[in-house]
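Notes follow once the structure below has been shown.
Note that the coordinates shown come from a computational prediction; the quantities given were computed from them, not determined experimentally. What's counted below: heavy atoms across the whole structure, side chains too, no hydrogens, waters or symmetry copies.
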Amino acid sequence: MRIFKFGGASIKDATGVRNVLQVVQTMGVDNLGIVISAMGKTTNALEDIISSYQKNDATYLQLIDDLHKAHLEIVEELEMPFEGVKEVCLSRFRESGIKKDIKSIMESLKGEMLRNKSKNYSFLYDQVVCHGELLSTKIVTAFFNACGTATNWKDARQLIKTDHKYRDAGVNWQESEKLIKESCQRELFITQGFIGSDENGFTTTLGREGSDYTAAVLAYCLDASSVTIWKDVPGVLNADPRVFENTVLLHKIPYNEAIELAFYGASVIHPKTLQPLQGKEIPLYVKSFLQPDRDGTIITAVETLEPLIPCYIVRKNMVFLKISSRDFSFIGENNISDIFHELSRHKMQVGLLQNSAISFSICFEDKYHKIKELLKDLEKRYIVSPVEDVSLYTIRHYNGDAIQLVESGKSVLLKQRTQETLQLIVKE
């Protein structure tokens, strides 16, 4: 069994849906399971619907109608004549009942919101956003079947069972494995990424990079031969091409190296996706849905990166904080514990830390714009010196040229190195 995962960018419009079918037909449909995200910016639209609803703004119903219309427009474009798609396929697609399915899903969404009595945002979020994946998978499955690629639609909520931690649910591996093996071993199937359900049947979501994680869960439970994540890039590059010139495709990455890169902020595969695959040594491919015949990147049980070159990660708009005690006493375990408690309470995402006898330096992302509150609370007990709008550069497998490239033209506020990793906080 192989598992493919297609993200929202790959199916954002009718052209994307047709291309996904072509990719699947090119790569072969035997022993294949497909995980699909919501189309394009659908999840963002659903989040806007929740926001409007929570403000008691009745326009959320209009936003739902707008989302309904957007999906119908994709369906109607798929119904139109297109080079390479036979008229008999288009006819079958028109007669598939997909528009009724979409209407039913949208009515379900309205019903969820009209019936809702919960004040738990995370619970409401999960009951609402799942409709994006339900819509996309229904449309793609109908199109596949109309074009002669027989496909079974599976409800991921009947496959992946979780705990009650809405928006970041933990998988019940034993029960999920039983359900997945019973339902998904024989024929080509399509299911939703990102979603599952708890023991009461309520929808849950799997948190950050949830669709990739769904692919990993399925692969683990089915002892899959591989997972392929299809993206709009040729694979994993050694740097962000929007920041660095002359980026290089990484052909092979060890599991541990991929986890290290993700930890430091690289937009590779999230560690929670890699961990179940590493446990059974299931290789993960990152390939381009625009060039499916290219090799892309493989993350697997190899000894070292190939090619072994510096890898650059940059996180911008960070905050650099230097903290010292008011009485010039040592910064010890109790102080560090106290500081981290405040960082956690204010939802700061830490990228680097360093301590000396009387000071503690830390670089973090103020994702929720709580820096003023954090500083106010810390300044009650410490001397705090903040520098905002800094950049945190991380270089894996650094050398002299790599360091010079990053430092050139910048003011370096802090430099920290280990045998394989160099981190620099700079003001640009």
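- Screening residues 268-295 for ring-ring contact (aromatic ring centres under 6.0 Å, His included) gives no qualifying pairs among residues at least two apart or on separate chains.
- Lys280 NZ: more than 12 foreign heavy atoms inside a 6.0 Å radius.
- In this structure, Met348 and Ile362 have side chains that are not in contact, with every pair of non-hydrogen atoms separated by 4.5 Å or more.
- At least one donor-acceptor pair closer than 3.5 Å links the side chain of Asn335 to the backbone N or O of Gly332.
- Contact detail for Val128 and His131: the closest heavy-atom pair is O-ND1, 2.9 Å.
- Screening Val217, Leu179, Asp155 for a side chain to side chain contact (heavy atoms under 4.5 Å, CB included) involving Ile160 leaves a single residue, Val217.
- Among all heavy-atom pairs drawn from Ala258 and Leu274, the shortest one is CB-CD1, 3.5 Å.
- Looking only at atom types and distance, the side chain of Thr205 has a donor-acceptor partner in the side chain of Asp126 under 3.5 Å away.
- When the shell of 6.0 Å around CG of Asp295 is examined, it contains 12 or fewer heavy atoms from other residues, nucleotides or ligands.
- Note that the CG atom of Leu277 and the NZ atom of Lys272 stand 13.0 Å from one another [nearest 0.5 Å].
- Using a 4.5 Å cut-off on side-chain heavy atoms (C-beta onward), Leu424 and Lys410 make no contact.
- Taking each heavy atom of Ala169 and Thr204 in turn, the nearest pair found is CB-CB, 3.8 Å.
- Here CD of Gln22 is found 11.0 Å from CZ of Arg18. Values are rounded to the nearest 0.5 Å.
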Check: residues 30-51 side-chain donor-acceptor pairs under 3.5 Å, at least two apart:
unit_1, atom_1, unit_2, atom_2, d
Ser37, OG, Ser211, OG, 3.0
Thr42, OG1, Met39, O, 2.5
Glu47, OE2, Tyr125, OH, 2.7

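- Distance alone, capped at 3.5 Å, places no donor-acceptor pair between the Ser176 side chain and the Trp173 backbone.
- Side-chain contact between Leu353 and Phe364 is absent, with no heavy-atom pair separated by less than 4.5 Å.
- Contacts of Phe263 classified as ring pair (Phe, Tyr, Trp, His ring centres under 6.0 Å), with partners at least two apart in sequence or in another chain: none.
- Listed for the Thr247 side chain is no donor-acceptor partner under 3.5 Å among the backbone atoms of Asn238.
- With sequence neighbours excluded, the residues forming a side-chain contact (heavy atoms from CB on, under 4.5 Å) with Ser288 are Leu290, Gln291, listed by chain and number.
- A donor-acceptor pair under 3.5 Å is formed between the side chain of Lys427 and the backbone N or O of Glu388.
- Salt bridge status for Lys165 with Asp163: absent, with no side-chain N to carboxylate O gap under 4.0 Å.
- Ring planes of Phe123 and Phe202: perpendicular class, angle over 60° (limits at 30 and 60°).
- In Tyr121, the OH atom is crowded: over 12 heavy atoms of neighbouring residues, nucleotides or ligands sit closer than 6.0 Å.
- Within the structure, side chain to side chain donor-acceptor pair (under 3.5 Å) contacts touching residues 359-371 (residues at least two apart or in different chains) are Arg315-Glu365, Ser356-Ser359.
- For the 3.5 Å distance criterion, the side chains of Gln127 and Glu112 fail to qualify, holding no donor opposite an acceptor.
- Gln25 CD: more than 12 foreign heavy atoms inside a 6.0 Å radius.
- Between the side chain of Ser408 and the backbone N or O of Leu405 there is no donor-acceptor pair closer than 3.5 Å.
- Other residues, nucleotides and ligands place more than 12 heavy atoms under 6.0 Å from the CZ atom of Arg326.
- Side-chain contact, Asn120 with Ser118: no donor N or O sits under 3.5 Å from an acceptor N or O.
- Checked against Tyr393 for a side-chain hydrogen bond (donor to acceptor under 3.5 Å, both in side chains), the options Glu428, Lys415, Gln423 give a single hit: Glu428.
- Using modelled atom types, one side-chain atom of Lys287 and one backbone atom of Pro292 make a donor-acceptor pair closer than 3.5 Å.
- Across every non-hydrogen atom of Tyr213 and Thr273, the tightest pair is N-OG1, 3.3 Å.
- We find the NE2-CG distance between His397 and Leu305 to be 5.0 Å, quoted to the nearest 0.5 Å.
- Salt bridge status for Glu342 with Lys380: absent, with no side-chain N to carboxylate O gap under 4.0 Å.
- For Arg157 against Gly196, the heavy-atom pair with the smallest separation is CG-O, 3.3 Å.
- Looking at heavy atoms from C-beta onward, Ile102 lies out of side-chain contact with Lys138 at the 4.5 angstrom threshold.
- Taking all atoms of both residues into account, the shortest heavy-atom contact from Leu250 to Cys311 is CD1-SG, 4.0 Å.
- Between the side chain of Thr151 and the backbone N or O of Leu188, no donor-acceptor pair lies under 3.5 Å.
- Side-chain atoms of Ser197 and Lys161 form a donor-acceptor pair, as typed in the model, at a separation below 3.5 Å.
- Looking at Lys154, its side chain does come within 3.5 Å of a backbone N or O of Ser183 through a donor-acceptor pair.
- Considering Thr137, Thr141, Asp101 as possible partners of Trp153, the one that fulfils the side-chain hydrogen bond (donor to acceptor under 3.5 Å, both in side chains) test is Thr137.
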Assess the residue pair Leu218 and Met1 against the criterion (side-chain contact (heavy atoms from CB on, under 4.5 Å)); give the C-alpha distance rounded to whole Å, side-chain angles, the decisive distance to 0.1 Å, and a yes or no. CA-CA 10 Å; Leu218 290 168; Met1 178 66 73; over 6 Å; no
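- In this structure, the side chains of Asn399 and Pro310 come closer than 4.5 Å at one or more pairs of heavy atoms.
- The environment of Arg294 atom CZ is sparse: at most 12 non-hydrogen atoms of other residues, nucleotides or ligands sit within 6.0 angstrom.
- Counting non-hydrogen atoms of neighbouring residues, nucleotides and ligands closer than 6.0 angstrom, the CD atom of Glu182 exceeds 12 such neighbours.
- The backbone N or O of Gly28 lies less than 3.5 Å from a partner atom in the side chain of Arg2, making a donor-acceptor pair.
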Evaluate the side-chain contact (heavy atoms from CB on, under 4.5 Å) criterion for residues Asn172 and Glu199: first the C-alpha distance (whole Å), next the side-chain angles of each, then the deciding distance (0.1 Å), finally the verdict. CA-CA 10 Å; Asn172 180 329; Glu199 62 185 13; over 6 Å; no
Tabulate below the donor-acceptor pairs under 3.5 Å that side-chain atoms of residues 71-84 make, not counting sequence neighbours, or state none.
unit_1, atom_1, unit_2, atom_2, d
His71, ND1, Leu67, O, 3.0

